[in-house]
Every structure is written in structure tokens, then in C-alpha cells.
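To start, the structure itself, in C-alpha cells.
Heavy-atom basis, side chains included; hydrogens, waters and symmetry copies ignored. Residue numbering restarts at 1 for every chain, and letters A, B, ... go by the order of the sequence lines.
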Amino acid sequence: LISSDYFSRNEPGAFVPILDALLAHGDHYMHLADLGSYLDADRRLCELYTDREGWARKAILNVAGSGKFSSDRTIAQYADEIWKAKPCPVP
Amino acid sequence: LIELIGRSLGEAAMNEAGEEAATRRPIAAEAEADLLEQYGCGPIRFSGHQDALFERHLLFDDIIDPDTAGGRERFEATARSVRDVLSQRWVETERTYNRVNPKRIYYLSMEFLIGRSLSNNVNNLLLDPFVQRAVEQRGLDWPHLLEREPDAGLGNGGLGRLAACFLDSMATMQLPAIGYGLRYEYGMFKQTIEDGWQREYPDHWLRRQDPWEVLRPHETVEVKLGCSLEMHGGSLRPVPGRSSTVVGVPFDRPVIAYGGKTINTLRLWGVAAHHYFDFQEFCLASPCNRWPIASPGTARAGTTTTSRQPGPHWT
């Protein structure tokens, strides 16, 4: 699709340098190294999406599991362990 | 990097959820009176009377008939009324810190992605019932009014949102903290796509006076530089060997704890030129350049905080 100018119809060849870097010049930064496993995961994701209950279950567990990332929790830990700062309540 | 992005996105989502829950919580009349007392306001009315905060702001700030106020004026009057309610608590917070002299936290960040402040501040101050009444009394379209506030152009990604979440949390945890950043006047650019390519337009989010920020002219700070700065073809260039001075001008914004007990400060620094020594030069150099409203200074000095380039995310 990229080489056929599907994404660059008004400007043929606009993405050739990107293709060259990936395919002709050895993909120095290994962008394509995990493309296979990425596509595998994408396939599993699409399958799961057709299973409404399984999808809902994972979505709920995912949200429930994110509690640890609360900035209140983070700040409490920073204040306690790193900054050694205490609350100063305003009367 | 991924952990940080995930963290800030998670926090943004959690914040939204918390705010929605707060919106639906009804508060009884006596609780409302207690709330105003907590903010040190006395028997003051928020709206619905010619002597109420909202109506007074429309009349005395804008000199208009409150019934004919436009959307932007209504937004400003609401925001100013909310700021009136929190002002005494804000001063009390600082007074307490000065009296107790606790260890303080100074949070420095290039970005604070705070978004729009009105709904956040109303929620955190538990002022929903007051706002709801104002909406009924004055026939306000609340979602439309919220839209009149420009998005603060102070950040563009995970780092800035994390900093904003941290400020909110530090206030809610009653920690004596202050945030320091830069007051970008043009903020982020407005993105458009023309012929498949991005074109950037300036986003002058401070074009109308911001109702939250408080200018502190007496706390300006001189910053001496070992070079001068000059505009050449639209970009700023250092001129070595000729020292110069710019003046940092602080603007304070309230950072409100959930429940409104603590009100910390986000101090953003704008830039002005050192008095008016090169006003003439400025006028000659760029005759069409507007005199910056809030931070009088030359084009040169003003450029330091003029815009935040969307560089790589430093997360």
C-alpha cells in the first residue's frame, strides 16, 4: 500500500525514503523486528473483540487494576519516601 | 516512557471518573452555608441578585446589563465569581504555610497540561449547587459556557498532564507545594492539514484576559544574561558579548484540592523587557507588532515565553 502511493496520491513517492530505510538499508533501528509479534497480538485482540463477555471482563479488570496508578498514591509515596514532606492542613 | 504515558493516561481517566461522581452528589442547604464559611465568604450570594457576585462582575467589570451579556462575558463572570469564593481560602493557605513554616515542595516543569479550569475548579470546590442555581436563574447554557474557556496552551502531552495531576494531588493531600513553569502566550499551535501537509497557526489562548491568573508585579525578578537576543527573519538569535537583562513577571493560578480545603499555587513566569530602554528600537524593528497586553516588553524579551514548540515528549 505504501509503495503503491495509496497514502500519498497527491505526492507520489513521498514515503520512498521510509521504505528504503526499512527494506533496502537494513532497518538500522530494527523497527520491523517485532512486527510479527505485533500482528499476532493484533489478531488475538480482534478475536477477543468478537467475544463480548470476554472483552467486557478484560476491560473491567484492566480499569480495576489501574488503581495503583492514581496520582494521589504516587504523591503520597514521593512525599513519604523521597521528599520527606508532611501535610500542612489549613485550619 | 511507556510506564509514564500509561500512568498519566490512567490518571486522566481516573480524574474524569471522580469528577463525574462529584457532579451528581447533592448538597443540602446548610452544607452550602458551611461551604461558604469554609471559604471565608460570609453571607454572600453567588448569583440571582443585583448584588450577587455573578451580576456584579458583569456590571462592574464589563459595564453591561447582565441580561444582555454574551457567552464570553458570562464565562468570565462565572470564573471570576468562582475565584472570588476561593480567594480568601487561597490567602489563608499561604498564611498557614508562612506561620507553620513546613518543608515545602517546589515542582518545576516545562509544561502543565491543565486544560480548562472552570469545571475542574467548580467540582473541586464543591460549588455545583451554586452553579446549577445560577444556570437556572440566568438561563445559562452550562456546556456552552464551559466551551468559551480556551484550553490553556501550557503543555502538549504526558509530561504536562502528569505535572497537572501531581499539582492537583499535592493540594488534595494537603502538601505545601507550589508549581513553577513558563507562561507561554501562544501556547501550542493550531494544527491544520493542507494538501496532505501540516500547517501550524498560532493559538493565542491569552488573547482575552484570563480570569484565573493573578499578576504579581511586585515579585518580578531580574534575570541577567551574558548575551543579547535579536530577531532575525522570524527566529531569535543570541548576540554574544553584549549582556542584557530580562524581567520575569510571575502570574499565579489557584490549584484547588478536592474539597477546597487547601488552595496551592501554580506560578507561571512571563517575560518583560527591562523598563522601556529599547521601546523605540522595538517600534522601529517591527511596526506591526502588537504591544503585549499583560507583559509589557519588547518583542525580543517577550519571545522567550511566546510559544511552546511541540518538540519531542521528554517523558
- Assess whether side chain to side chain contact (heavy atoms under 4.5 Å, CB included) is satisfied between A:Val90 and B:Lys261, documenting all intermediate values. CA-CA 7 Å; A:Val90 182; B:Lys261 291 208 159 58; 5.9 Å; no
- For A:Ser71 and B:Asp168, what are the C-alpha separation, side-chain angles and deciding distance, and is it a side chain to side chain contact (heavy atoms under 4.5 Å, CB included)? CA-CA 9 Å; A:Ser71 57; B:Asp168 285 350; over 6 Å; no
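Closest approach of B:Leu175 to A:Pro87, counting heavy atoms only: CD2-N, 3.8 Å. Among all heavy-atom pairs drawn from B:Pro176 and A:Lys86, the shortest one is CD-O, 3.5 Å. Minimum heavy-atom separation, A:Lys84 to B:Lys103: O-CD, 3.5 Å.
For a residue to count as touching a neighbouring chain, one of its non-hydrogen atoms must lie under 4.5 Å from one of that chain's; by this rule A:Ala79 touches chain B with the side chain only. In this structure, the portion of B:Arg99 lying under 4.5 Å from any heavy atom of chain A is its side chain and not its backbone. In this structure, no portion of A:Lys68 lies under 4.5 Å from any heavy atom of chain B.
Under the 4.5 Å side-chain criterion, counting only non-hydrogen atoms from C-beta, A:Tyr78 is not in contact with B:Met170. Here the side chains of A:Pro89 and B:Thr262 are not in contact, with every heavy-atom distance at 4.5 Å or above.
Rounding to the nearest 0.5 Å places CH2 of A:Trp83 at 13.5 Å from OH of B:Tyr106. How far CZ of B:Phe166 is from CD1 of A:Ile75: 4.5 Å, rounded to the nearest 0.5 Å.
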